[in-house]
Amino acid sequence: MTISFELQEEIQALQEAENYDIPHEHNPTEEDPERLLEAAVEAVAESSCAITDPEVFDVYRSLLKHSNALPGSLMSKLLDSISSGLQAELEATTRDVEQGDQQGYMSHKLPLELFGFLLHCKVLRLQTQRIWTTTAEREAFITCMTRPAYHVMESEQYMKSNNIKLGVYKIICLAVKHHGHSLAAQITIMQYLQFYEHLPEPMAECLTVLAKEFDHAQLGDEILREIAAKTFNAQDQKGPRVFARFIVKFADMAPRSILKQLSLLLRQLDSESYPMRVAIVEVIGFLIAELATSGADEEERQIQKQIAGLYDLLLERIMDLSSYVRAKLLQVLSKLCDLKVKFPKQRLQVTKVAVSALSDKVATVRKWAAALLVKLLVTHPYGLVHGGLLEVGVFEAEYAKVKEKLAEVESRVGKAVERNEEDEEEQNGDEEERYGEDEGQEEDEGAEASKPKKKKRSTIKSEDRMDVDGEEEGDGQDEDGGDTEEDEPEMSVDGDDEESAPKKKGKKRSKLAPRKSQLDVAALSHEQEALAALETNQILQYRLRKKYYAEALTFIREIEGAMGKMGELLGSTHKPEVLEAMEFFRVAYEYRFESAKIGVKKMLHLIWTKENNASTSEDASEAKSIRSRLLECYRNLYFEPLADPDMTAKDQVNRIAKNMIEQTYDATLAELTSLEEMVRIMMDEGHVHQDVINKLWQVYSTNKQLPKPQRRGAIIILGMLALAKRSVLTDRVDTMLKVGLGPFGKADLTLARYTCVALQRLNGSAKKVKGSLIDKTLRLEMENPIFRKLQAAIEMPCRSKDWFGLAEQAINTIYALGEHPDVLCNDIIKKLTLRAFNKDRKPKVDTQSQPTEKDPNSMDEDHPGDTTRGSDDTTPAPEAAQEGHGKDDLGDAFELSQLLFVVGHVAIKQIVFLELVEREWKRQKDEKQAAEKKAASNTSGHQPSKDGEELDQVAGNAEDEIGERIAAVRETELLYGEQSLLAVYGPMLVHVCGSPHKFKNRTLRAAATLSFSKFLCVSSNFCDRHHRLLFKILETSRDANIRSNIVIALGDVAVSFSNIIDENSNELYKGLSDKDLVVKKNTLMVLTHLILNGMIKVKGQLGEMAKCLEDPEPRIADLAKLFFKELSTKENAIYNNLPDVISHLSTGDHAVDEETFQSTLKYIFTFIEKEKQAENIVEKLCQRFRLSEEPRQWRDIAYCLSLLPYKSERSVKKLIEGLQFYRDKLHEEQVFERFQEILAKARSNKSKDKPDSDLDEFEKILNEHRAQGEEDQALEKRVGKKKAAAARKRAAATRKTRSKKAAVVEENDDNQYDD
């Protein structure tokens, strides 16, 4: 009969040897152990397989279990039998394995397990000190038994098995606990930690088991002391990382053991190796968590001091040089926020640290700082009163109320309470003085509000500042509760928010009980005594509430201060920090931070983020992309129903529609464009319910008087939704005509403009594929009422500048929807011309303009005050335009402006329309050719391929003819044709733009210049003749809007006729130095577009673009950086223009100061990545030294040389070869310093196996030439001084000679008189 034995289960059961169950157990005290052992030994001696007999195995197990009752001789015989049997079984197994007998050697599995179990069961439970009396012998035996366990630990695969790990831990723990194996284990563990990277966590687990289950913490303490005493080098990577992992795991499992050795481990905070500093930061976090969740009440004061000290240690690490340490610190602080116990004082310090870390230069640190601020918001302890929301106005109001009530109660108590004894009077006098200080200092709020408390605490306490909780010793309780307010434990439990306040109050009352003895009972009535006691308790309550609101205000203002930096993170190129910044604004918005709305709106632009498919592992771990996270945030905040059972479906729809409309309020063009893309995506994905769309139409078409932005917002959103689904608008065209182009539109021209934009979406939004002839747009007959309404809107008499925006979109709509838009626009232009130049109708139009706008059915429908711009938008007729010298030639400048504006916009839209006509003709021709080709192939069967090729060639020629015909229309007919209406206005525009002294009206000049710019885009002949006038206006105009428009227009002209603008590109670059920010920004954007798309060539002007990198305006600097980043993707673009940039910024009239030069070139040089380019730049820069004479140029060239990486030996060789060009410049201190930096960089990049002899020799030569140069300079100075001295001597001698001659002459004259 074979025993049923499962090794893992038996080893597990053996964990408690006393309770280990044996089926046929023999008790040596009741039976003869010698007889039992004799029978078992004989059986095993005959055959080692006899161990599988249940009776034999149970005898061995029973005797080992009760080994304490056996004499030593029997134990020796028992162990001999087991070892002999194991040896015999091993030999038999080895033979079968060598013979390859699988069935044979597999039969040895059970006996081997049984013998192994018996050895495991007892060997380490022996009282080895009795058997091996000498330490050396005992250690040798124990080492023999533990060595297999250590060998098992060397295998990473084995240590992944939990059962194997537990067995190994048990062996080591038994050896250490009972057999003096501690020192050997310490040595082995330290060695293994250095050599095996998979063992830090298992070793920490083993020491934890030893400390907790075997009550032996000494080994862990010794290992921690040894690690604490180690010195780690910054270059050593493996060792510190392994020990750091060990400490962190040990702190996680046994924080109390770490706490005992913390004073020693803190030395590692000064270690050169950052992994050790990271580990200590994480360890401190575990210790704070451990202390915060344990400890008796009597120890609470000491625990709080410890926690405060640990927090101080943590927060100091924000100044650590390593970004890894700073990032780990922020992670640890974030985890500590999840503790139930809150530390208000420390949380405020943590908030300040997190806000400051948002400015860190490392993206990972900024990301964790943002995550920490989110965690601080979510877990804030100020939700006791106002439902968790953090509205600063609410807290400020409550703070003011509490402050007022506190002052009132304190004044009453001061009158009611009398003082008996002199000491009490002195005490209470001090306290009143302190309260008075409080009242004076309470005027400050937020961060200032917490300062009086700190000051008061310092006057009350003389103990360590870390003592934030706990009670004062001595007479602290007798000071009218003032000390109690400050010493209230600052931990508040999140889960028990509602219960914590009453508990605190109760605690205060118990502390204040002794105050009753200070009342003069004899002098006061019982009524007064009760009143005084009650009001004293009220004082405590109000002081606690005041402290609560002051700390909350401090926290809120710290978070508010982070909004600006967090907004900058939204533009980061590092995806994780962008996601964290988005989450921060979402959470801050939900907690009612006003400034969070700005961040949420700024997030909108992230809808254009291009996701990189080849993401890094860090990015891949992120659950969502930036765009999907943005859509999710906006849906959660605005566009999804709330989980509020009190809100009906109608309320939910109204809320969503209202939120959509509010997104358009005060939105810029860029924000509306981004919102449009977001709404389109949401509509595509089916996230906009039909009920919401119906509600938007209801808002738009209601007859009630609404705020103008509300009605505008409704049609804006509807137009955006139509981009994804045209049917949103198709059934409501009549509504748009009645409202947007009806009385409401007349009253609100902006509403009419957005209605026109929405109407344009009727033709569909299918994107045109480049080269495709397919056109899916919808075209309407010109008799459609839409066009009548649009014409009426354009021709409507009006003197508001909003008309220009309306006219632009109305013309766009005509050209977007009409089959023959040019016919209608001809009619509009003629009527506007008649109105502008018809003298008979002029007074009538002028007098009717104001009544028309005041019509109650039009302009005053919603908000009359918003309809016109007043006198600024209106131009008096007599002063408007002077076409000649007589009074008969006077006309209305505003109406002329309207005419010219429409003419210019029609011209540019006609070009686009001609391109559509060209494409349509080509499509028709293509279809015809395809039909003919198909018919020909059907009739003639299999024709030779030559015929097909000829047919394709004919089709290609036909397309070329169409293109040439359209180009001829554009070039010769639009502006120069005899029948062309636009040809009439070309000379007029040139005259108005070229005569600013005659046409002084700003609106007229702006409209004429804009239209003139558009005319330049029509014909190359017209552009070639008149483009210099546009550059002249750009140079001389004082109106920033005109200059800005011209810059943008020049970009369009360059697209049409790049050669003409390319010849005059220098004029365009002048806009980069314009004083107006908008002009400068537009110039930069236009140049970026033209250069990156190859429309103009860079001819040495890139230096002007480089100047913008250091522009004080962040938007300009960011655009310039984006330009150079994109330019770097063009083949060698930056490399080819780098010499010109350096020259432009270093010398001549365009030069910048040295600091700006260095910061600019430092950014540009980051794009020089190819080693071959770096080598060539070294050679070119060295040759520049020869041609430069000014020390400033030497310093600039040397600085540029120091920016190169010097990764290859060839770069260094080029530098050494160029020594002849700069050796005489090395005496300049900064030049020499730059070459020292280059040497250091070259040494760091040099491979270790190659000697530094070349670099050492080069350094020696540099030092020699520097010394020689200094001597030469000193010699020149001495020579100069001597020359100056000689010149002075010659001058003195000359003066002396002249004086002598003068004296002789004078003497002769005197002699003559004497004679």
Side-chain angles (χ1 to χ4, degrees), residues 3-17 19-21 51-52 57 61 64 82 86 89-90 93-94 97 102 105-125 142-179 181 184-186 188-214 216 219-220 223 238 241-254:
I3 189 170
S4 176
F5 183 85
E6 187 64 39
L7 181 60
Q8 291 183 359
E9 294 177 1
E10 295 296 325
I11 291 176
Q12 191 67 28
L14 193 62
Q15 300 296 324
E16 297 180 4
N19 299 326
Y20 179 65
D21 182 52
I51 196 68
T52 59
F57 186 67
R61 284 198 286 183
L64 285 170
I82 294 173
L86 176 59
E89 191 65 24
L90 287 173
T93 305
T94 303
V97 170
Q102 181 177 1
Y105 64 69
M106 286 303 295
S107 65
H108 297 289
K109 179 175 179 291
L110 180 59
L112 285 173
E113 288 183 348
L114 294 173
F115 281 116
F117 174 76
L118 292 175
L119 285 173
H120 170 82
C121 177
K122 198 56 193 176
V123 170
L124 292 176
R125 292 183 178 276
I142 295 301
T143 301
C144 181
M145 301 308 300
T146 56
R147 185 171 296 166
Y150 289 123
H151 281 312
V152 169
M153 294 184 80
E154 294 173 8
S155 169
E156 185 175 359
Q157 195 64 32
Y158 286 157
M159 295 311 290
K160 291 180 181 178
S161 170
N162 193 49
N163 292 323
I164 295 176
K165 276 199 303 185
L166 291 176
V168 170
Y169 298 166
K170 195 67 174 288
I171 291 172
I172 296 174
C173 291
L174 284 170
V176 171
K177 176 70 174 176
H178 300 295
H179 305 289
H181 184 59
Q186 180 180 341
T188 305
I189 289 174
M190 292 298 293
Q191 290 176 344
Y192 274 36
L193 285 176
Q194 293 179 9
F195 293 113
Y196 300 101
E197 293 187 16
H198 67 279
L199 284 182
E201 289 80 9
M203 286 299 186
E205 292 174 7
C206 182
L207 292 176
T208 304
V209 171
L210 180 62
K212 292 184 177 179
E213 298 184 15
F214 290 84
H216 191 283
L219 178 59
I223 289 177
K238 182 179 176 182
R241 290 182 188 278
V242 172
F243 285 112
R245 285 165 51 200
F246 169 79
I247 294 174
V248 170
K249 184 65 176 178
F250 199 27
D252 185 19
M253 301 188 71

S.K.: Find the distance between CD (Q191) and OH (Y150) and round it off to the nearest 0.5 Å.
M.R.: 10.5 Å
S.K.: Tell me every residue that passes side chain to side chain contact (heavy atoms under 4.5 Å, CB included) with D21, counting only those two or more places apart in sequence or in another chain.
M.R.: none
S.K.: Would E156 and Y196 count as a side chain to side chain donor-acceptor pair (under 3.5 Å) here? Give the steps.
M.R.: CA-CA 9 Å; E156 185 175 359; Y196 300 101; over 6 Å; no
S.K.: Going from CD1 on I189 to CD on Q194, what distance comes out if it is rounded to the nearest 0.5 angstrom?
M.R.: 12.5 Å
S.K.: Evaluate E197 against R241 for side-chain contact (heavy atoms from CB on, under 4.5 Å), listing each step before the verdict.
M.R.: CA-CA 9 Å; E197 293 187 16; R241 290 182 188 278; over 6 Å; no
S.K.: Nearest 0.5 Å, please: how far is OG1 in T208 from CD in E205?
M.R.: 7.5 Å
S.K.: For A184, give me all partners under side chain to side chain contact (heavy atoms under 4.5 Å, CB included), at least two apart in sequence or on another chain.
M.R.: H181
S.K.: For residues V168 and A149, report the shortest heavy-atom separation together with the two atoms involved.
M.R.: CG1-O, 3.8 Å
S.K.: Do L64 and I82 have side chains that approach each other closer than 4.5 Å (heavy atoms only, starting at C-beta)?
M.R.: yes
S.K.: One pair to check against side-chain contact (heavy atoms from CB on, under 4.5 Å): E154 and F195. What are the steps and the verdict?
M.R.: CA-CA 9 Å; E154 294 173 8; F195 293 113; over 6 Å; no
S.K.: Can you check side-chain contact (heavy atoms from CB on, under 4.5 Å) on K170 and L174, steps first, answer last?
M.R.: CA-CA 6 Å; K170 195 67 174 288; L174 284 170; 4.1 Å; yes
S.K.: Taking K177 for its side chain and F214 for its backbone only, find out whether a donor-acceptor pair lies under 3.5 Å.
M.R.: yes
S.K.: With rounding to the nearest 0.5 Å, note down the distance linking NZ in K212 to SG in C173.
M.R.: 13.0 Å
S.K.: Looking at residues at least two apart in the chain, or sitting in another chain, which of them share a side chain to side chain contact (heavy atoms under 4.5 Å, CB included) with M159?
M.R.: M153, K165, Y169, H198, L199, P202
S.K.: Measuring only between side-chain heavy atoms, which start at C-beta, is I223 closer than 4.5 Å to F246?
M.R.: yes
S.K.: If you measure from CG on L219 to SG on C206, what distance do you get to the nearest 0.5 Å?
M.R.: 8.0 Å
S.K.: Determine, step by step, whether M190 and F243 satisfy the side-chain contact (heavy atoms from CB on, under 4.5 Å) criterion, reporting the C-alpha distance in whole Å, the side-chain angles of both residues, the deciding distance to 0.1 Å, and the verdict.
M.R.: CA-CA 9 Å; M190 292 298 293; F243 285 112; 3.6 Å; yes
S.K.: Can you find a pair of side-chain heavy atoms, one from I172 and one from L210, that are under 4.5 Å apart?
M.R.: no
S.K.: Please find the pair of heavy atoms, one from P111 and one from T52, that lie closest to each other, and give the distance.
M.R.: CG-CG2, 3.8 Å
